[in-house]
Amino acid sequence: MGLTDHPELQPIIFSLFLMVYLVTVLGNLLIVWAVISDSHLHTPMYFFLSHLSFTDICLSTSAVPKMLVNILTQNQTITFTGCLSQIFFVLFFCAFENFLLAAMAYDRYVAICSPLRYTVIMNPCFCGLLILLSLLTSITLALLHCLMILHLSFCPRPEISQFFCELAQLLKIACSSTLINNILIYSVTFILAGVSMCEIIFSYTQIVSSVLRIPSSSGMYKVFSTCGSHLSVVSLFYGTAFGVYVSALFAQSSRKTAIASVMYLVVPQMLNPFIYSLRNKDIKVSLRKLFVRQSFL
């Protein structure tokens, strides 16, 4: 059903989301390009950051282009297979980003609290194993939800009050019982977000404890500036997710929930590259080298 029924607002929404999508893709591609091309950035922290940027591109691509096509063609239909595919990719990339943020928090914890053992603990094999386990877990969870949807029946010509196929909205229009599906959603979300958030909170508790023992204020500032970008991204990711959850509980209009979902599925993916490029000296230097090299060529 999109974000609005007013025809005069459709061109504005199309232009806005097209611009946001292009900025998201370009910004995150620059981060990935900078990490790949600069050997100084071949460290665990930037290894996870490049995967985060690629995930942001994929997460935004799983929903926004279809909405742009719907607005452009004035055709708001989607096949059941297409809807199921969209649900799978949104769930998969959301779960994978959740794990990546936890892995990045652990990386900062090891770097600050055990700097002498950092290269031993965060070795390439261990980092690759974290990515692999995150991928497998995310795929399993997304497939599990999609397989449970296949057991549901839907009324003729169902209408989804969203700008993409969202799992919660799809369950609302099902004609059969969705009790097991809802139990699965709450259980997986509680375990997934709970474990990751506990790991992030534990990591930063240890980091703060270590920082308070640093005698110099310059050393404390350096540590906090190192973690500032990650903390901003974590706050944006979980803050907007919590906002969507609250709006779904208390919002009277389903369109308000759809607008809240924009803040979760579109805005963070656009802002993440700016957060890391503006607050990170290494990224800024690497991007400057890339632009100078391209200008010379």
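Any value given below was found using the heavy atoms of this structure, including those in side chains, with hydrogens, waters and symmetry copies removed. Quick caveat: nothing in here was measured; it's all calculated off a predicted structure.
- At distances below 3.5 Å, not a single donor-acceptor pair connects side-chain atoms of Asn272 with backbone N or O atoms of Asp56.
- Between the side chain of Asn123 and the main chain of Val120, a donor-acceptor pair closer than 3.5 Å is present.
- Ring centers of His42 and Tyr46: at least 6.0 Å apart, outside the cut-off.
- Under the side-chain contact (heavy atoms from CB on, under 4.5 Å) criterion, Thr81 pairs with Thr79, Ser85, sequence neighbours left out.
- At a threshold of 4.5 Å between non-hydrogen side-chain atoms, the residues Asn70 and Ile78 do not count as touching.
- Using a 4.5 Å heavy-atom cutoff, the side chains of Leu265 and Phe163 are in contact.
- In this structure, the side chain of Ser138 engages the main chain of Phe96 through a donor-acceptor pair within 3.5 Å.
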**OP:** Verify side chain to side chain contact (heavy atoms under 4.5 Å, CB included) between Glu97 and Leu59, making sure each step is shown before the conclusion.
**Re:** CA-CA 9 Å; Glu97 184 157 341; Leu59 182 56; 4.0 Å; yes
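- For the residue pair Glu199 / Ser203, a side-chain donor-acceptor distance below 3.5 Å is found, with atom types taken as modelled.
- Aromatic ring centres of His230 and Phe48 lie farther apart than the 6.0 Å criterion allows.
- Side-chain contact between Thr24 and Thr61 is absent, with no heavy-atom pair separated by less than 4.5 Å.
- Looking only at side-chain heavy atoms (C-beta outward), Ile13 and Ile71 come within less than 4.5 Å of each other.
- By the 4.5 Å heavy-atom criterion applied to side chains, Ser62 and Phe88 are not counted as neighbours.
- Ring pair Tyr109/Tyr106 is tilted by interplanar angle, where 30° to 60° counts as tilted.
- Leu236 places a side-chain heavy atom less than 4.5 Å from the side chain of Ile275.
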